[in-house]
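Given the structure is predicted, the values throughout are model-derived calculations rather than measurements.
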Amino acid sequence: VYVTLCLGCSSSQNNWPSVKVSELPVEETMTEWRTDVEAALSEAATANKPILIYWGATWCQPCNHLKGQIIQHPEFETDTEEWTKIYIDGDSLGAQAWGEKFGIINYPTVVLLDPKATERQRFSEVIRYADFKARLSRAQGEAVDFENLVKRALTGEATEAEWNAV
């Protein structure tokens with residue numbers, strides 16, 4: 001006997017915040033989304049542009065919440081103008097290999113990378129747009145040496161900005 005659990009799928013028992021839900025496919029938003037991951041990563045490196053990867057699926061209710069809350073937000077277009085935006089539909093051919101490469105295990109997931117494809121931020125939950133904007137900003141900032149940051153925190157020397165980076 002196999003039992004399948006779908007956590008968060010029941011509208012009567014989920015904990016999702018009350019947000020605008022989008023049924024509009026990501027490809028139909030105003031923002032230009034790349035689906036050829038390898039080419040997009042290469043072009044981002046050449047152009048020295050940070051990378052935003054959105055992993056989702058059309059059937060995924062949390063993905064539709066994230067699209068409505070973040071991707072279709074009036075400021076998204078302007079705030080991500082300098083970013084190479086990649087959409088990976090988890091059901092598309094070859095998507096699972098990219099999911100493994102980026103360590104993606106949840107729907108939805110947003111991964112923010114620097115131009116060399118080094119991960120700077122990641123989230124798999126619906127967040128407020130202000131929090132998304134702050135994560136974009138932090139992802140574009142200087143790389144954080146977490147080992148040194150932990151040492152500074154343990155000795156009480158970490159600054160407020162360093163604590164926020166964690």
Side-chain angles (χ1 to χ4, degrees), residues 2-11 14-17 19-73 76-77 79-141 143-144 146 164-166:
Y2 292 96
V3 177
T4 303
L5 297 176
C6 184
L7 300 176
C9 292
S10 169
S11 61
N14 71 39
N15 293 324
W16 289 100
V19 295
K20 177 182 169 189
V21 176
S22 172
E23 297 297 329
L24 188 66
V26 136
E27 301 86 15
E28 292 181 23
T29 61
M30 292 177 62
T31 300
E32 180 181 331
W33 288 91
R34 305 288 307 276
T35 56
D36 182 340
V37 180
E38 198 164 333
L41 292 172
S42 176
E43 290 171 23
T46 301
N48 199 33
K49 291 176 71 175
I51 303 154
L52 183 156
I53 297 175
Y54 167 60
W55 169 275
T58 56
W59 52 263
C60 169
Q61 182 182 2
C63 299
N64 291 328
H65 280 265
L66 187 136
K67 285 189 295 185
Q69 187 77 0
I70 303 296
I71 295 172
Q72 293 176 341
H73 189 280
F76 182 84
E77 189 78 25
D79 291 339
T80 61
E81 187 174 49
E82 299 300 318
W83 290 72
T84 297
K85 290 172 281 299
I86 301 172
Y87 172 56
I88 304 175
D89 180 333
D91 293 328
S92 65
L93 186 62
Q96 296 304 310
W98 286 111
E100 286 180 31
K101 177 176 175 43
F102 293 113
I104 296 172
I105 57 172
N106 297 320
Y107 285 91
T109 296
V110 174
V111 182
L112 304 175
L113 309 171
D114 69 14
K116 295 179 180 161
T118 301
E119 185 173 327
R120 303 301 290 277
Q121 293 279 324
R122 167 187 300 252
F123 62 95
S124 295
E125 70 277 357
V126 177
I127 61 174
R128 294 177 311 128
Y129 193 80
D131 295 330
F132 170 74
K133 199 169 181 171
R135 289 180 190 212
L136 279 179
S137 179
R138 284 195 304 265
Q140 286 182 294
V144 176
F146 283 102
N164 288 334
V166 176

Worksheet, complete the sentence: What one should report as the nearest heavy-atom pair of Q121 and A139 is CG-CB, 3.8 Å
Worksheet entry | Test item: L52 and L136 side chains (from C-beta on) under 4.5 Å apart, heavy atoms | yes
Practice prompt. Classify the angle between the aromatic ring planes of H73 and Y129 as parallel (below 30°), tilted (30 to 60°) or perpendicular (above 60°).
Written response: parallel
Discussion item. Check the orientation of W55 and Y107. Use parallel for under 30°, tilted for 30 to 60°, and perpendicular for over 60°.
Written reply: tilted
Item to complete: Indicate yes or no: at least one non-hydrogen side-chain atom of L66 is less than 4.5 angstrom from one of F132.
Response: no
Fill in: Nearest heavy atoms of P115 and P50, plus distance in Å
CG-N, 3.9 Å
Discussion item. For a 4.5 angstrom cut-off between non-hydrogen side-chain atoms, does T109 reach R122?
Written reply: yes
Worksheet item: What are the two closest non-hydrogen atoms of R135 and E125, and how far apart are they?
Response: NH2-OE2, 3.5 Å
Response to the item:
Of all heavy-atom pairs linking P62 and V126, the shortest is O-CG2, 3.9 Å
Worksheet item: Any idea how F102 and W98 line up, ring-wise: parallel (<30°), tilted (30 to 60°), or perpendicular (>60°)?
Response: parallel
Worksheet item: Counting N and O atoms only, with roles assigned by atom type, does the side chain of S42 sit under 3.5 Å from a partner on the main chain of E38, one being a donor and the other an acceptor?
Response: no
Worksheet item: How about L41 and I86: do any of their side-chain heavy atoms sit closer than 4.5 Å?
Response: yes
Worksheet entry | Exercise: identify the closest heavy-atom pair between K49 and E82 | CE-O, 3.1 Å
Practice prompt. Report yes if some heavy atom in the side chain of E43 is under 4.5 Å from a heavy atom in the side chain of T84; otherwise report no.
Written response: no
Practice prompt. Rounded to the nearest 0.5 Å, what's the gap from OG1 on T80 to NZ on K133? Could you check?
Written response: 11.0 Å
Fill in: Audit row: W59, D91, side-chain contact (heavy atoms from CB on, under 4.5 Å) steps and yes/no
CA-CA 10 Å; W59 52 263; D91 293 328; 2.6 Å; yes
Fill in: Member of D114, I53, L112, V111 meeting the side-chain contact (heavy atoms from CB on, under 4.5 Å) criterion with E119
V111
Discussion item. Show, in sequence, the C-alpha distance, side-chain angles and deciding distance for I71 and W33, and conclude whether the side-chain contact (heavy atoms from CB on, under 4.5 Å) test is met.
Written reply: CA-CA 11 Å; I71 295 172; W33 288 91; 4.0 Å; yes
